[in-house]
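Some notes on the structure that comes next.
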Amino acid sequence: MDSKKGFCFTAIDFETADKYFPCSLGIAKVVNNKVVEVRNWLIKPICFPYFHHYAQKIHGIHKEDVENMPTFNKIWKEVLPYLNNTMLLAHNAAFDINVLRKTLTYYHLSKPQSYYLCTYVLSKTVWKDSQKFSLDYLCDLENIELNHHHSDSDALACAELFLRETEHLGVNSFEELKTLTHRRYNKV
């Protein structure tokens, strides 16, 4: 997972049509502390054509935007290389990893061989006295550009936020981070 030159990981973000059904996936791939690729997929969700009105209000994706998009199982071969054998990061990882697990289970797809880390949880160690720990609040605090609730922008902001967190903590590897925070990394 670690390189002597810096952190290597993939930050992810899902937007959903309902509680667990993804309609968008964004990733930001980081190699040696540099963002090397940002991707976004619109996804026809499992629950199509249903979209919860609140979800649409948050991210602005409507059923018309995804009705001709592939379902998750159709993009999985393209997505898997970004998620396999790497550290996955998400802001509120419990949500994003749960969406991933439920979707993989629904389509009978194998889980990636990866561990994950939550930048939301880590932010509570870095900015102990902060009033809030939401992605938009912390991006504002750290002057990180964010088009909130657009999955590619959220993934990129998560990646950049993690690099700031590690800078604040003075760590250069996932092992150092694990030792400092006394947290274990969970498997997807």
Shortest non-hydrogen contact between [X] and [Y], atoms and distance:
X	Y	value
I12	A90	O-CB, 3.6 Å
L100	W76	CD1-CZ3, 4.2 Å
E15	I61	CB-CD1, 4.3 Å
A55	T16	CB-O, 3.3 Å
R39	E37	CD-OE2, 3.3 Å
T103	Y20	OG1-O, 4.0 Å

Next on the checklist: Whether K124 engages the ring of F133 as a cation-pi pair (distance to the six-membered ring centre under 6.0 angstrom, angle to the ring normal within 45°) should be assessed.
Outcome noted: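 Verdict for F133: a cation-pi partner in K124.
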Checklist entry - Does NZ or CZ of K29 come closer than 6.0 Å to the centre of the six-membered ring of Y82, within 45° of the ring's axis? => result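 The answer is no; the distance or angle limit is not met.
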Backbone of [Y] reached by a side-chain donor or acceptor of [X] within 3.5 Å:
X	Y	result
D96	D13	no
D154	H149	yes
H53	F51	no
H91	Y120	yes
D65	H62	yes
E142	L138	no
S24	L42	no
H168	E165	no
H52	Y54	yes

Item to check | Derivation of the ring pair (Phe, Tyr, Trp, His ring centres under 6.0 Å) call for F14 and F95 | outcome: CA-CA 9 Å; F14 282 105; F95 171 79; 7.8 Å; no
Below 4.5 Å, heavy atoms only, C-beta onward: do [X] and [Y] meet side chain to side chain?
X	Y	answer
L117	Y185	yes
L161	L135	yes
L169	L180	yes
T71	F48	no
L88	L83	yes
K178	S173	no
P45	F72	no
Y115	R184	no

Checklist entry - Just one of N33, V126, V171 clears the side chain to side chain contact (heavy atoms under 4.5 Å, CB included) bar with T166, so which one? => result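 With T166 as partner, N33, V126, V171 yield a single side chain to side chain contact (heavy atoms under 4.5 Å, CB included), made by V171.
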Checklist entry - For the residue pair F162 and F174, does the interplanar ring angle fall in the parallel (under 30°), tilted (30 to 60°) or perpendicular (over 60°) class? => result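 Taking F174 first and then F162, their aromatic rings lie parallel (interplane angle under 30°).
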Next on the checklist: Between I43 and M69, does the side-chain contact (heavy atoms from CB on, under 4.5 Å) criterion hold? Intermediate values first, please.
Outcome noted: CA-CA 6 Å; I43 303 163; M69 294 294 119; 5.8 Å; no
Item to check | Hphob cluster co-occupancy, F21 + I58, side-chain heavy atoms under 4.5 angstrom | outcome: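 No, F21 and I58 fall in different hydrophobic clusters.
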